[in-house]
> 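To start, I am sharing the structure in question, which I have written as structure tokens.
Worth saying up front: this structure is predicted, and the values here are computed from it rather than measured. Position 1 is the first residue of the sequence; numbering continues from there.
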Amino acid sequence: MRPNILFILVDGLRADQCYGENKESHTPFLDSLINEGVYFNNAFSPVDGTTISLNCLLNSKFQFQTGIRAQKIILLEDNHLQKLKNSGYYISGLIPKLTSLKPITDYFQNENHTYDPGPPPETLATGMTKKISLLLNSLKNTSPWFCYLHVFDLHPVKEGKKPLKIEEFQSEKFGNTLYEQTASSIDHWLKKISAQINFDDTLLIITSDHGERIPFKDKSSFKFEPEFNSVTSLGRRILPKSTHNIGGKIMGKLKREIGKTKLDSSNKELTPYQKRSRDPYFTLSLHDELLHIPFLLKGLTLPSKIISNQISTLDFFPTIFELAGITQNNTKYSLSLVPLINNQQITEKEIFLHTMPYEKLSPFDVVGLRTNKYKYFRAARNPKENVNLYDLSNDPYENNNIAQTHKQLVTHFEKKMLELEKDSLPEHEEEISDEEMQIISNELKRLGYIKD
């Protein structure tokens, strides 16, 4: 009998808030799972955003094989949900109701498989835990089942807002920043959910789609801008309505200029890592704080083990399939990690990196490669612009760009990039109408990804 599979993805959960010497969140439940299960502490997403990350995850293919600029989930003919279905799995889940994620729900066989992404989103603290418990309870007489849960609890933090019902976790015990405290609250609720899991016949996976910024001293760039509430209120009272729009724009520009001056002054003594932690949340980036994610497996007869090999999200499902007894062949870019669990060696693969695309082509798009020792990236459409190279072994926070002093290494990685381009498949054409694209655009604006 194949095992049940509970796949929990916590949107925007950083690896260093689950395990390691820099962990500031209070997560006793995750700690216990890591102590009892298999944890990969060098797992990386190929991208800094959700949609493309899930494309890579659910197809075990890099962006250039599915769609570099995809605006919604692309599930190819041999995608992993289809393989699970072909293997006799009952497929269920609970995910945010977003047009970009809808192709996933087409595979779900349970009713009520979406929730409100907000803002504010439904979270584990505001009803999601009960919904998940009801879903898991409904699966008791079904086997084997696969259940995908996409947790959005950290998203308000990304938007610069306080999550609902977070107050009991707002103390130093649970972390020094709102992000860390929210991660602590997620751990609390996951423990309640786990009470329904029979680890003898269920494989639990906890991971994320990408990492996130944690602003230095919990002060993001926008927090340096003055409020001007009284001035704004006065202006609206005494000035004609016809001037309110232009007046608002002038005040907005002034706030940003003052904020930038204060930010620059505050950042003077900070490291590059600390400075970029204060960047606006939706700034494109291929630095590890946006790519380093947890990957935990618990259940069945898995041993207790920490594995440090570099892996990518492309490897997750091949590993799950081998553990579940589903035939899956390794590819050029993905492989099962079961040999590592069984104390065997595998050849580590380079990870292709590309930033999440804006709606239109942008000079801020960045492409690169990550090995277990080096990170290389540069402008997506000009190999001579924004060239970055980091020695990850000696500079894990990517503070020192060594591209100018290690030009041979830059040349080496650029050749690797060209090899990938030769191996690229034609980009998948999205079946997306103008109307659907407008809906996606409106949803992204509502969530703060696109500014008016």
> Given side chains that start at C-beta, do those of Leu369 and Met417 come closer than 4.5 Å, heavy atoms only?
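With C-beta onward as the side chain, the pair touches.
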> Would you compute the distance between atom CG of Leu290 and atom CG of Leu284 and round it to the nearest 0.5 angstrom?
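Reported value, rounded in 0.5 Å steps: 9.0 Å.
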> Taking the side chain as everything from C-beta on, heavy atoms only, tell me whether Leu54 gets closer than 4.5 Å to Leu101.
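The answer is yes; the side chains approach within 4.5 Å.
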> Go through Tyr19 and Tyr39 one step at a time and tell me if the ring-ring contact (aromatic ring centres under 6.0 Å, His included) criterion holds.
CA-CA 9 Å; Tyr19 178 84; Tyr39 185 75; 5.4 Å; yes
> Do Gln196 and Ser133 pair up side chain to side chain, a donor and an acceptor below 3.5 Å, judged on atom types alone?
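Present: a donor and an acceptor within the cut-off.
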> Please report the C-alpha distance between Ile326 and Arg2 in whole Å, then the side-chain angles of each, then the deciding distance to 0.1 Å, and finally whether the side chain to side chain contact (heavy atoms under 4.5 Å, CB included) criterion is met.
CA-CA 9 Å; Ile326 299 173; Arg2 299 193 194 282; 3.7 Å; yes
> State plainly whether the residues Asp106 and Lys102 are in salt-bridge range, i.e. N to O under 4.0 Å.
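Looking at Asp106 and Lys102, the cut-off is met.
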> Step through it carefully: locate the ring centre of Tyr376, locate the ring centre of His412, and say whether they are under 6.0 Å apart.
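Here the rings of His412 and Tyr376 have centres that are no less than 6.0 Å from each other.
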> Just by modelled atom types, is the His210 backbone N or O under 3.5 Å from a matching donor or acceptor in the Ser53 side chain?
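No; judged by distance alone, with no hydrogens or angles, the pair does not exist.
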> Can you check whether Phe29's main-chain N or O pairs, donor with acceptor, with Asp187's side chain at less than 3.5 Å?
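Yes, the answer is positive, given that a donor and an acceptor are paired below the 3.5 Å cut-off.
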> OG/Ser312 to CZ/Phe295 distance, rounded to the nearest 0.5 angstrom?
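Result: 10.0 Å between the selected atoms.
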> Tell me whether Asp395 contacts the main-chain N or O of Asn400 through its side chain, where contact means a donor paired with an acceptor under 3.5 Å.
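Present.
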> Hey, does Thr182 have a side-chain heavy atom less than 4.5 Å from the side chain of Phe169?
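Answer no - side chains too far apart.
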> Looking just at side-chain N and O atoms, do His113 and Ser92 make a donor-acceptor pair shorter than 3.5 Å?
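Judged by distance alone, the side chains do not pair up.
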> Take the angle between the ring planes of Phe64 and Phe352 and call it parallel below 30°, perpendicular above 60°, tilted in between.
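Rings of Phe64 and Phe352: perpendicular, over 60°.
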> Kindly indicate whether the side chain of Cys18, heavy atoms from C-beta on, has any atom under 4.5 Å from the side chain of Leu13.
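The answer is yes; the side chains approach within 4.5 Å.
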> Out of curiosity, Leu9 CG to Ile95 CD1, how far, rounded to the nearest 0.5 Å?
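Going from CG on Leu9 over to CD1 on Ile95, the span is 10.5 Å.
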> Is it the case that the side chain of Asp153 and the backbone of Leu124 share a donor-acceptor pair, with hydrogens and angles ignored and the cut-off at 3.5 Å?
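Between the backbone of Leu124 and the side chain of Asp153 there is a qualifying donor-acceptor contact (under 3.5 Å).
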> Between Arg378 and Asn388, does the side chain to side chain contact (heavy atoms under 4.5 Å, CB included) criterion hold? Intermediate values first, please.
CA-CA 6 Å; Arg378 43 85 167 170; Asn388 284 256; over 6 Å; no
> Identify whether NZ of Lys or CZ of Arg in Lys131 sits under 6.0 Å from the centre of the six-membered ring of Tyr115 and within 45° of that ring's axis.
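That pair does not qualify as a cation-pi contact.
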> Take Leu340 and Ile346, measure what side chain to side chain contact (heavy atoms under 4.5 Å, CB included) needs, and give me the verdict at the end.
CA-CA 7 Å; Leu340 291 176; Ile346 61 174; 3.5 Å; yes
> Output yes when Lys23 and Glu180 qualify as a salt bridge under the 4.0 Å nitrogen-oxygen rule, no when they do not.
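Looking at Lys23 and Glu180, the cut-off is not met.
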> Report the residues that fulfil ring-ring contact (aromatic ring centres under 6.0 Å, His included) with Tyr374, sequence neighbours left out, ordered by chain and then residue number.
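ring-ring contact (aromatic ring centres under 6.0 Å, His included) list for Tyr374, sorted by chain: empty.
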> With Arg278, which residues qualify under salt bridge (charged side-chain N to carboxylate O under 4.0 Å, His left out), at least two apart?
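Not a single residue meets the salt bridge (charged side-chain N to carboxylate O under 4.0 Å, His left out) criterion with Arg278.
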> Is any side-chain N of the basic residue among Glu398 and Lys375 closer than 4.0 Å to the acidic one's carboxylate O?
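Here Glu398 pairs with Lys375 in a salt bridge, since their nearest N and O are under 4.0 Å apart.
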> Is it the case that over 12 heavy atoms from other parts of the model lie below 6.0 angstrom from the NZ atom of Lys130?
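No - once you tally the heavy atoms of other residues, nucleotides and ligands closer than 6.0 Å, there are 12 at most.
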> Using only atom types and a distance under 3.5 Å, with no angle test, would you say the side chain of Gln181 pairs donor to acceptor with the backbone of Gly175?
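Side chain of Gln181 to backbone of Gly175, a donor-acceptor pair under 3.5 Å: yes, one is there.
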> Are the side chain of Gln63 and the backbone N or O of Pro46 linked by a donor-acceptor pair below 3.5 Å?
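Here the side-chain-to-backbone pair exists.
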> Give a yes or no answer on whether the side chain of Asn401 reaches the backbone of Val387 with a donor-acceptor pair at less than 3.5 Å.
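Checking the backbone N and O of Val387 against the side chain of Asn401, a donor-acceptor pair under 3.5 Å is found.
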> Hydrogens and angles aside, do Asn22 and Tyr397 bring a side-chain donor and acceptor to less than 3.5 Å of each other?
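A donor-acceptor contact under 3.5 Å links the two side chains.
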> Cut-off 3.5 Å, side chains only: do Ser334 and Asp315 have a donor facing an acceptor?
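Side-chain D/A pair, Ser334 to Asp315: absent.
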> Evaluate whether atom CD of Glu111 has more than 12 neighbouring non-hydrogen atoms of other residues, nucleotides or ligands under 6.0 angstrom away.
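No, CD of Glu111 has 12 or fewer neighbouring heavy atoms, counting only those of other groups under 6.0 Å.
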> Going by the side-chain hydrogen bond (donor to acceptor under 3.5 Å, both in side chains) test, which pairs reach into residues 301-311, not counting sequence neighbours?
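As it turns out, the side-chain hydrogen bond (donor to acceptor under 3.5 Å, both in side chains) pairs with a partner in residues 301-311, which skip direct neighbours, are Asn41-Ser308, Lys305-Asn343, Asn309-Glu348, Gln310-Arg370.
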> With side chains defined as the heavy atoms from C-beta onward, is the minimum distance between Asn372 and Leu392 less than 4.5 Å?
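Contact flag for Asn372/Leu392 side chains = no.
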> Surrounding NZ of Lys85 (heavy atoms of other residues, nucleotides or ligands, distance under 6.0 Å), is the total greater than 12?
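For Lys85, atom NZ is not crowded (no more than 12 foreign heavy atoms under 6.0 Å).
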> Go through Leu94 and His150 one step at a time and tell me if the side chain to side chain contact (heavy atoms under 4.5 Å, CB included) criterion holds.
CA-CA 6 Å; Leu94 189 58; His150 193 120; over 6 Å; no
> If the plane angle is over 60° it's perpendicular, under 30° parallel, otherwise tilted; pick one for His26 and Phe174.
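His26 and Phe174: perpendicular rings.
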> Within the structure provided, determine whether Ser184 and His188 are in side-chain contact (heavy-atom separation under 4.5 Å).
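No, too far: nothing below the 4.5 Å cut-off.
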> Check for a donor-acceptor pair, side chain of Asn399 on one end and backbone N or O of Tyr273 on the other, with a separation under 3.5 Å.
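Side chain of Asn399 to backbone of Tyr273: a pair is present.
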> Between Arg381 and Asp365, is there a side-chain N and carboxylate O pair less than 4.0 Å apart?
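Counted as a salt bridge, because a side-chain N and a carboxylate O are separated by less than 4.0 Å.
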> What class does the angle between the rings of Phe7 and Phe317 fall in, given that below 30° is parallel, 30 to 60° is tilted and above 60° is perpendicular?
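Plane angle under 30°, so parallel.
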> I'd like to check Leu203 versus Asn4 (side-chain heavy atoms, cut-off strictly below 4.5 Å). Are they in contact?
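They are not in side-chain contact.
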> Begin from the C-alpha positions of Phe146 and Tyr89 and carry the test ring-ring contact (aromatic ring centres under 6.0 Å, His included) through to its verdict.
CA-CA 6 Å; Phe146 171 85; Tyr89 274 83; 7.2 Å; no
> If you draw a 6.0 Å radius around CG in Asn112, do more than 12 non-hydrogen atoms from other residues or ligands fall strictly inside?
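Open: at most 12 neighbouring heavy atoms sit under 6.0 Å from CG of Asn112.
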> Does this structure show an ion pair linking Lys416 with Glu350, if we count only N-O contacts that are shorter than 4.0 Å?
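Salt bridge flag = yes for Glu350 with Lys416.
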> Under 6.0 Å from the six-membered ring centre of Phe321 and within 45° of its axis: does the NZ or CZ of Lys83 meet both?
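No, cation not above the ring by the 6.0 Å, 45° rule.
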> Parallel under 30°, tilted from 30 to 60°, perpendicular over 60°: which one fits the rings of His155 and Phe152?
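Rings of His155 and Phe152: parallel, as their planes differ by under 30°.
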> To the nearest 0.5 Å, what is the distance between CG (Leu353) and CG (Leu286)?
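CG of Leu286 is found 5.5 Å from CG of Leu353.
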> Do the charged groups of Arg14 and Glu289 touch, with an N to O distance under 4.0 Å?
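A salt bridge is absent here (no side-chain N lies under 4.0 Å from a carboxylate O).
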> If you round to the nearest 0.5 Å, how far is CG of Leu190 from OG1 of Thr27?
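Result: 10.0 Å between the selected atoms.
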> Can you classify the ring geometry of His292 versus Phe44 as parallel (below 30°), tilted (30 to 60°) or perpendicular (above 60°)?
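His292 vs Phe44 ring planes: parallel.
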> Side chains of Thr51 and Ile73: closer than 4.5 Å at any heavy-atom pair?
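A side-chain contact exists here, since the closest heavy-atom pair is under 4.5 Å.
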> For the residue pair Asn442 and Gln438, confirm or rule out a side-chain donor-acceptor distance under 3.5 Å.
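A donor-acceptor contact under 3.5 Å links the two side chains.
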> Is a donor on one side and an acceptor on the other found under 3.5 Å between the side chain of Lys61 and the backbone of Leu76?
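The answer is no, because no donor-acceptor pair under 3.5 Å joins these two groups.
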> Output the distance between atom NE2 (His287) and atom OG (Ser285), rounded to the nearest 0.5 Å.
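OG of Ser285 is found 5.0 Å from NE2 of His287.
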> Does any N or O in the side chain of Asp218 come within less than 3.5 Å of the main-chain N or O of Leu178, such that one atom is a donor and the other an acceptor?
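Indeed, once roles are kept as given, a pair shorter than 3.5 Å links the two residues.
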